[in-house]
Amino acid sequence: VQLQASGGGLVQPGGSLRLSCAASGLNLDYYGLGWFRQAPGKEREGVSCVSSSEGSTYYANSVKGRFTISRDVAKNTVFLQMDSLEDEDTAVYFCAAAPDHYPVATMCAHSIGIHYWGKGTLVTVSS
């Protein structure tokens, strides 16, 4: 199983980035997917998670209205569209997968049920 995150980079405040996480060796029909981040000196934070059917989503309060999570079943990929980026969004972003019987809020808010983690991609928001 491999979760490969990409799309990070340097962006100015107010700008946008789109992260992608391609899953291989994993049937995403049975897994919720999520994005987490860890900034220097801070604990890991659940950013956004989505259920297998996209019927349920979770967003951290800090990103509500700015970030959008989606998934492409055919491509086995989950995306995180990040708009109106702020300095505080600077972090390494990781994608993760948990069996779908875990509610997305539980997965995201408490990192419960996660079976697989991908390597991170660095997002730097700076002028």
Side-chain angles (χ1 to χ4, degrees):
V1 173
Q2 186 175 17
L3 300 175
Q4 183 65 53
S6 61
L10 174 63
V11 63
Q12 292 186 343
S16 298
L17 280 176
R18 189 190 194 207
L19 304 183
S20 301
C21 176
S24 58
L26 193 65
N27 187 338
L28 296 188
D29 289 343
Y30 304 109
Y31 283 86
L33 296 171
W35 290 96
F36 297 75
R37 67 186 180 186
Q38 188 164 21
K42 294 187 177 180
E43 292 187 354
R44 186 178 61 208
E45 172 191 23
V47 176
S48 182
C49 294
V50 61
S51 64
S52 60
S53 64
E54 284 195 280
S56 298
T57 56
Y58 169 94
Y59 293 94
N61 287 334
S62 57
V63 306
K64 280 182 181 176
R66 301 188 297 121
F67 291 10
T68 304
I69 193 169
S70 62
R71 54 194 296 165
D72 186 325
V73 174
K75 295 182 179 180
N76 246 25
T77 300
V78 62
F79 303 99
L80 186 68
Q81 177 66 40
M82 306 186 295
D83 299 317
S84 302
L85 283 161
E86 303 169 352
D87 291 351
E88 293 74 20
D89 296 316
T90 294
V92 177
Y93 284 70
F94 302 87
C95 57
D100 207 35
H101 58 81
Y102 290 96
V104 290
T106 299
M107 174 188 179
C108 247
H110 306 290
S111 298
I112 289 175
I114 294 173
H115 283 194
Y116 305 105
W117 289 96
K119 293 183 179 179
T121 185
L122 177 62
V123 172
T124 303
V125 184
S126 176
S127 54

Check salt bridge (charged side-chain N to carboxylate O under 4.0 Å, His left out) between Asp89 and all other residues, then give those that pass, not counting sequence neighbours.
Arg37, Arg66
Flag side-chain contact, heavy atom, 4.5 Å: Ser126 against Thr90:
no
Hey, does Leu80 have a side-chain heavy atom less than 4.5 Å from the side chain of Thr68?
no
Gap between atom NZ of Lys119 and atom OG of Ser6 - 0.5 Å precision:
13.5 Å
So if you build clusters from Ile, Leu, Val, Met, Phe, Trp, Tyr with side-chain heavy-atom gaps below 4.5 Å, do Val11 and Met82 land together?
yes
Value for OG (Ser127) from CD (Gln12), rounded to nearest 0.5 Å, stands at 7.0 Å
Using the rule that two of Ile, Leu, Val, Met, Phe, Trp, Tyr join whenever any of their side-chain heavy atoms come within less than 4.5 Å, decide whether Leu122 and Val47 are in one cluster.
no
Find out whether Trp35 and Leu19 are in side-chain contact, i.e. whether some heavy atom of one side chain is under 4.5 Å from a heavy atom of the other.
yes
Roughly how far, to the nearest 0.5 Å, is OH of Tyr31 from OH of Tyr102?
10.5 Å
In the single-linkage hydrophobic clustering (I, L, V, M, F, W, Y; side-chain heavy atoms under 4.5 Å), do Val78 and Tyr59 co-cluster?
yes
Rounded to the nearest 0.5 Å, the OG1 atom of Thr77 sits from the CD atom of Gln4 at a distance of 11.0 Å
Nearest-0.5 Å distance, CE of residue Met107 to CZ of residue Phe36:
5.0 Å
With under 30° as parallel and over 60° as perpendicular, where do the rings of Tyr93 and Phe67 fit, or are they tilted in between?
tilted
Can you see whether Glu45 engages Ser62 through a side-chain donor-acceptor pair at a distance of less than 3.5 angstrom?
yes
Walk me through whether Asp83 and Ser16 qualify under side-chain hydrogen bond (donor to acceptor under 3.5 Å, both in side chains).
CA-CA 4 Å; Asp83 299 317; Ser16 298; 2.8 Å; yes
Does Leu26 share a hydrophobic cluster with Val73, counting links as ILVMFWY side-chain heavy atoms below 4.5 Å and allowing steps through other members?
no
Heavy atoms of Ala98 and Gly113 approach each other most closely as CB-O, 3.2 Å
Kindly indicate, with the supporting measurements, whether the criterion side-chain hydrogen bond (donor to acceptor under 3.5 Å, both in side chains) is fulfilled by Asp100 and Ser52.
CA-CA 6 Å; Asp100 207 35; Ser52 60; 2.5 Å; yes
Answer whether the closest heavy-atom distance between the side chains of Tyr58 and Thr106 falls below 4.5 Å.
no
Could you state the interatomic distance from OG1 (Thr57) to CZ (Arg71), rounded to the nearest 0.5 Å?
12.0 Å
Heavy atoms, side chains only, cut-off 4.5 Å: are Val123 and Leu17 in contact?
yes
Return the minimal non-hydrogen interatomic distance between Gly7 and Thr121, and the atom names on each side.
N-OG1, 4.1 Å
Of all heavy-atom pairs between Asp87 and Val125, which one has the smallest distance, and what is that distance?
OD1-O, 3.4 Å
State plainly whether one hydrophobic cluster holds both Leu33 and Ile69, where clusters connect Ile, Leu, Val, Met, Phe, Trp and Tyr through side-chain heavy atoms under 4.5 angstrom apart.
yes
Heavy atoms, side chains only, cut-off 4.5 Å: are Asp72 and Phe79 in contact?
yes
Give me the atom names and distance for the closest heavy-atom approach of Leu3 to Cys95.
CB-SG, 3.7 Å
Heavy-atom pair with the smallest gap, counting every atom of Val1 and Gly25:
CG2-O, 3.3 Å
Please give me the minimum heavy-atom distance between Cys108 and Ser48, naming the atom from each residue.
SG-C, 3.2 Å
